[in-house]
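Encoded as structure tokens, the structure appears first; notes follow it.
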Amino acid sequence: AQKVTQAQTEISVVEKEDVTLDCVYETRDTTYYLFWYKQPPSGELVFLIRRNSFDEQNEISGRYSWNFQKSTSSFNFTITASQVVDSAVYFCAPRSGFGNEKLTFGTGTRLTIIP
Amino acid sequence: NAGVTQTPKFRVLKTGQSMTLLCAQDMNHEYMYWYRQDPGMGLRLIHYSVGEGTTAKGEVPDGYNVSRLKKQNFLLGLESAAPSQTSVYFCASSRHNGGNQPQHFGDGTRLSIL
């Protein structure tokens, strides 16, 4: 069975601090994809990044960076120098690579940036 | 830059009433999905479609029906609304069902059943 866990329900940090959001995906699949979505207070879902299970190279995009470790099934997302606009709920959503149409959403982490 | 458009954005129904939520995408995507989001939970898949004229059940299909008569539109119907269907509904689309294809979401429809 596949299981995605976002253990952090809510996180609050002061503006300009760095913050890391955790996601653990337990699966027996050898090929899978991991997506992160952001849901700001306005409610829409915004696609942030996709990573492949066979690519463990970390990625940095501006203030965002992603750290994927297949050995521990963890796919963590770090925001450096956080800003108030980063306040949102962040969802980790893994997907099997074998034509499984279903995205399995985690329960989300609510991030609040305190000005 | 419309992307995925959902109508209406808000709706209040009485128990037993029926209604249809409309999702339209202008990206020529093959796959379309309907999800519901409840407080404290991630999104759960209701129904999906792999192409025009096709539909399939997702994780929580009971009480809902869907139709995909045109490639760009995916309709979600509630035949007899129940309070348990109070939720935020999201439509999404993707190019195809390759595992690496991201789904692009609409802004959601907030539905309340009294």
Side-chain angles (χ1 to χ4, degrees), chain A residues 1-10 21 23-25 27 29-55 59 61 66 68 75 88-110, chain B residues 1-6 8-10 23 27 29-51 54-61 66 68 74 87-111:
Chain A
Q2 301 167 339
K3 181 180 179 182
V4 55
T5 302
Q6 292 182 258
Q8 305 153 305
T9 304
E10 296 189 27
L21 309 181
C23 174
V24 175
Y25 178 49
T27 180
D29 292 340
T30 55
T31 300
Y32 52 89
Y33 302 89
L34 292 158
F35 301 82
W36 276 95
Y37 285 86
K38 172 183 179 181
Q39 187 174 40
S42 50
E44 71 272 23
L45 281 156
V46 179
F47 166 62
L48 292 177
I49 191 172
R50 173 200 68 215
R51 297 307 304 275
N52 311 323
S53 58
F54 43 87
D55 179 7
E59 182 171 334
S61 176
W66 290 269
F68 176 47
F75 182 41
V89 180
Y90 291 83
F91 290 98
C92 172
R95 188 183 195 189
S96 169
F98 295 103
N100 185 336
E101 58 288 325
K102 181 177 178 295
L103 274 178
T104 304
F105 279 83
T107 51
T109 297
R110 181 177 300 278
Chain B
N1 287 345
V4 179
T5 303
Q6 293 182 230
K9 296 189 184 304
F10 304 95
C23 176
M27 297 174 283
H29 284 172
E30 288 294 330
Y31 284 72
M32 296 187 74
Y33 315 81
W34 275 107
Y35 291 87
R36 62 178 288 173
Q37 183 180 28
D38 299 300
M41 304 180 69
L43 276 70
R44 293 183 293 168
L45 183 65
I46 304 171
H47 287 281
Y48 64 97
S49 168
V50 303
T54 73
T55 63
K57 294 180 180 180
E59 184 183 356
V60 288
V66 288
R68 182 105 180 264
F74 194 29
S87 188
V88 180
Y89 291 85
F90 286 96
C91 176
S93 70
S94 65
R95 283 177 56 194
H96 53 73
N97 197 34
N100 64 345
Q101 292 300 309
Q103 294 180 12
H104 299 274
F105 286 82
D107 290 344
T109 295
R110 186 173 297 276
L111 183 61

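Worth knowing before you read on, the calculation uses all heavy atoms, side chains too, and leaves out hydrogens, waters and symmetry mates. For clarity, every value in this text was computed on a predicted model and none was experimentally measured. First the proteins, then the strands, lettered A, B, ... as listed; each starts at 1.
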*Whether over 12 other heavy atoms sit under 6.0 Å from B:Arg44 CZ*: yes

_B:Gln37 to A:Phe91 - nearest heavy-atom pair and separation_ = NE2-CZ, 3.3 Å

*Could you tell me which non-hydrogen atom of A:Arg95 sits nearest to which non-hydrogen atom of B:Tyr33, and how far apart they are?*
NH2-OH, 3.5 Å

*Look up atom CZ in A:Phe105 and atom CD in B:Glu59, then write down how far apart they are to the nearest 0.5 Å.*
11.0 Å

*Step-by-step side-chain contact (heavy atoms from CB on, under 4.5 Å) determination, A:Tyr37 to B:Leu43*: CA-CA 11 Å; A:Tyr37 285 86; B:Leu43 276 70; over 6 Å; no

_CG-CZ distance between A:Leu103 and B:Phe105, expressed to the nearest 0.5 angstrom_ = 6.0 Å

*Rounded to the nearest 0.5 Å, what separation is found between the CD atom of A:Gln39 and the CZ atom of B:Phe90?*
4.5 Å

